[in-house]
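The structure appears below as structure tokens.
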Amino acid sequence: MQREDWQNLPLGQETRYESTYNPQLLHPIPRSVSRAHLGIEGAALPFTGADEWWGFELSWLNPKGVPQVAVARFRFAASSPSMIESKSFKLYLNSFNQTEFESAETVRATLEKDLSAAAGSDVAVTLFDVEDPVLAVQAPVGTCVDKLDLETRVYQPDAGLLKLAPGAGAATGETLYSHLLRSNCPVTGQPDWATVSITYRGPQLDHASVLAYVVSFREHQDFHEHCVERIYCDLQQLADFEQLTVCARYTRRGGLDINPLRTSTGEIVFPGRFARQ
């Protein structure tokens, strides 16, 4: 699949919503398309990571015809050959609505089987009761850069904006975050909003330059996952940090939010849900 083929995806198309289980609704998108623009070829990835999706509009019927609801967490490995086009994911989840399943475990196993087949790699699915405390909103951890005094009119990604702090010497360990990440769907042009966090160890980043760089994505068109990979690669190219983790928690659309995380540490730990999710 090439970038020009994205116009044929369900995104932006008038679609009939099905309410009977149909796994054929899922549309995979090869990760290689956007990664090629970052110089990433084949399976030799410069990071490990995962994409954590949360689904808040999952419902099905039990064997007595009574609706059931749950919140679902989906974990896709960054090494999977494909990601799932988001509208097709929503349509697929909607197809459970009027289908009877023996149990919540049957639903979970069905989701896991279908999504793993579409992604080309194992996908982990967990279902939560809608009153589970794990769904509570949390505050970001680290230093917010959003209030820094900044003037910029650069609204396309520019790695040249990233700078090290003056006199950066001994290794520093810190987490910086911003609520100002905005990118745009490459198919529909609709804006996607996120809180992005950067945790690193190495020479200290100039905080204002990080803010300018985050803002520079404002008119950029790409999928959530590839925006995070671009941020990771641009940062690593700047300083070859000893440790680096980039995670963006995007706001929910159509009951789904997407949260890509890329790291050099091999440790995949997602921050909790933020207020805009």
Sidechain-backbone polar pair: Asp132 side chain, Leu135 backbone, donor-acceptor under 3.5 Å:
no
Closest approach of Glu18 and Asn22, non-hydrogen atoms and distance?
OE1-ND2, 3.1 Å
Within 45° cone of Phe47 ring axis and under 6.0 Å: Arg262 NZ or CZ:
yes
Single-linkage hydrophobic cluster Leu26~Phe101, side-chain heavy atoms < 4.5 angstrom:
yes
Distance (rounded to the nearest 0.5 Å) between Leu115 CG and Thr110 OG1:
10.5 Å
Please determine whether side-chain contact (heavy atoms from CB on, under 4.5 Å) holds for the pair Tyr200 and Leu235, giving the CA-CA distance in whole Å, both sets of side-chain angles, and the decisive distance to 0.1 Å.
CA-CA 10 Å; Tyr200 71 95; Leu235 284 165; over 6 Å; no
Side-chain touch Asn184/Asp192, heavy atoms, less than 4.5 angstrom:
no
Is the shortest heavy-atom distance from the side chain of Ser86 to the side chain of Arg253 under 4.5 Å?
no
Residue pair Ile231 / Tyr213, side-chain heavy-atom distance below 4.5 Å:
yes
Residue of the set Trp53, Phe89, Tyr92, Phe128 for which ring pair (Phe, Tyr, Trp, His ring centres under 6.0 Å) holds with Phe74:
Phe89
Using 0.5 Å steps for rounding, measure from the CD1 atom of Ile29 to the NE2 atom of His226.
8.5 Å
Measure centre to centre between the rings of Trp193 and Tyr250, then say whether the value is under 6.0 Å.
no
Set out, in order, the CA-CA distance, both residues' side-chain angles and the distance that settles side-chain contact (heavy atoms from CB on, under 4.5 Å) for Phe274 and Thr251, then state yes or no.
CA-CA 9 Å; Phe274 299 149; Thr251 56; over 6 Å; no
Give me the atom names and distance for the closest heavy-atom approach of Ala248 to Val228.
CB-CG2, 3.6 Å
If you apply the rule side-chain contact (heavy atoms from CB on, under 4.5 Å), what do you find for Ser197 with Val246, and how did you get there?
CA-CA 6 Å; Ser197 64; Val246 178; over 6 Å; no
How many angstroms lie between atom CG of Leu238 and atom CG of Leu205, to the nearest 0.5 angstrom?
6.5 Å
Checking ring-ring contact (aromatic ring centres under 6.0 Å, His included) for the pair Phe270/Trp54: CA distance, chi angles, key distance, verdict?
CA-CA 12 Å; Phe270 285 86; Trp54 285 82; 9.4 Å; no
Other residues, nucleotides, ligands: >12 heavy atoms within 6.0 Å of Glu102 CD:
no
When rounded to the nearest 0.5 angstrom, what distance separates CD in Gln243 from OG1 in Thr265?
6.5 Å
Would you say the side chain of Leu211 lies within less than 4.5 Å of the side chain of Leu176, judging by non-hydrogen atoms?
no
Spell out, as yes or no, whether a donor-acceptor pair under 3.5 Å connects the side chain of Ser209 to the backbone of Lys163.
yes
Regarding Thr245 and Thr263, do their side chains bring together a donor and an acceptor under 3.5 Å, going by distance alone?
yes
Charged N-O contact under 4.0 Å between Glu174 and Arg201
no
Residues Asn94 and Ser19: side-chain donor-acceptor under 3.5 angstrom:
no
Are any of the side-chain heavy atoms of Leu61 and Val66 separated by less than 4.5 Å?
no
Group every Ile, Leu, Val, Met, Phe, Trp and Tyr by side-chain heavy-atom contacts under 4.5 Å, then state whether Phe96 and Val123 land in the same group.
yes
Salt bridge flag under 4.0 Å for residues Glu229 and Arg35
yes
Donor-acceptor contact below 3.5 Å, side chain Arg276 vs main chain Ala194
yes
Write down the atom of Glu57, the atom of Gly254, and the distance for their closest heavy-atom approach.
OE1-O, 3.5 Å
Applying the side-chain hydrogen bond (donor to acceptor under 3.5 Å, both in side chains) criterion to Asn259, which one of Glu52, Gln277, His224 satisfies it?
Gln277
Of all heavy-atom pairs linking Arg75 and Ala50, the shortest is CD-CB, 3.5 Å
Find out if a path of hydrophobic residues (ILVMFWY) with successive side-chain heavy-atom gaps under 4.5 Å connects Tyr232 to Leu180.
yes
Using every non-hydrogen atom in the two residues, find where Glu225 and Ile258 come nearest and quote the distance to one decimal.
OE2-CG2, 3.9 Å
Have His27 and Ser88 got a donor and an acceptor in their side chains that come within less than 3.5 Å?
no
Report yes if some heavy atom in the side chain of Thr99 is under 4.5 Å from a heavy atom in the side chain of Asn97; otherwise report no.
no
Pairing donors with acceptors under 3.5 angstrom, does anything connect the side chains of Ser80 and Ser121?
no
Does the structure place the NZ or CZ of Arg252 under 6.0 Å from the centre of the six-membered ring of Phe56, at an angle of no more than 45° from the ring's axis?
yes
If you count every heavy atom of other residues, nucleotides or ligands that lies below 6.0 Å from Glu267 atom CD, does the total exceed 12?
no
Say whether Val141 and Val134 are linked into one hydrophobic cluster, either directly or through other cluster members, by side-chain heavy-atom distances under 4.5 angstrom.
no
Hey, does the side chain of Ser59 reach the backbone of Gln68 with a donor-acceptor pair shorter than 3.5 angstrom?
yes
Report yes if the side chains of Leu244 and Ile198 come closer than 4.5 Å at any heavy-atom pair, otherwise no.
yes
Without hydrogens or angle criteria, can the side chains of His220 and Ser183 be said to hold a donor-acceptor pair below 3.5 Å?
no
For Gly266 and Thr48, the nearest pair of non-hydrogen atoms, with its separation, is CA-OG1, 3.4 Å
Does one hydrophobic cluster hold both Ile40 and Phe241, with members joined at side-chain heavy-atom distances below 4.5 Å?
yes
So with a 6.0 Å cut-off around CD of Gln237, is the heavy-atom count from everything else above 12?
no
Identify whether the distance between the nearest side-chain nitrogen and carboxylate oxygen of Arg31 and Asp51 falls below 4.0 Å.
yes
Gap between atom SG of Cys227 and atom CD of Gln221 - 0.5 Å precision:
10.0 Å
Looking at NZ of Lys87 and CG of Leu25, how far apart are the two atoms once the value is rounded to the nearest 0.5 Å?
11.5 Å
Is the distance from the ring center of Tyr155 to that of Phe217 below 6.0 Å?
no
Taking the side chain as every heavy atom from C-beta outward, state whether Val69 and Leu58 have any pair of such atoms under 4.5 Å apart.
no
Does the side-chain contact (heavy atoms from CB on, under 4.5 Å) test come out yes or no for Ser216 and Thr152, once each step is laid out?
CA-CA 9 Å; Ser216 75; Thr152 183; over 6 Å; no
Does a sphere of radius 6.0 Å around CG in Asp122 hold more than 12 heavy atoms from other residues, nucleotides or ligands, not counting ones at 6.0 Å or beyond?
no
Tell me, please, which residues at least two apart from Ala104 pass side-chain contact (heavy atoms from CB on, under 4.5 Å).
Trp60, Leu127
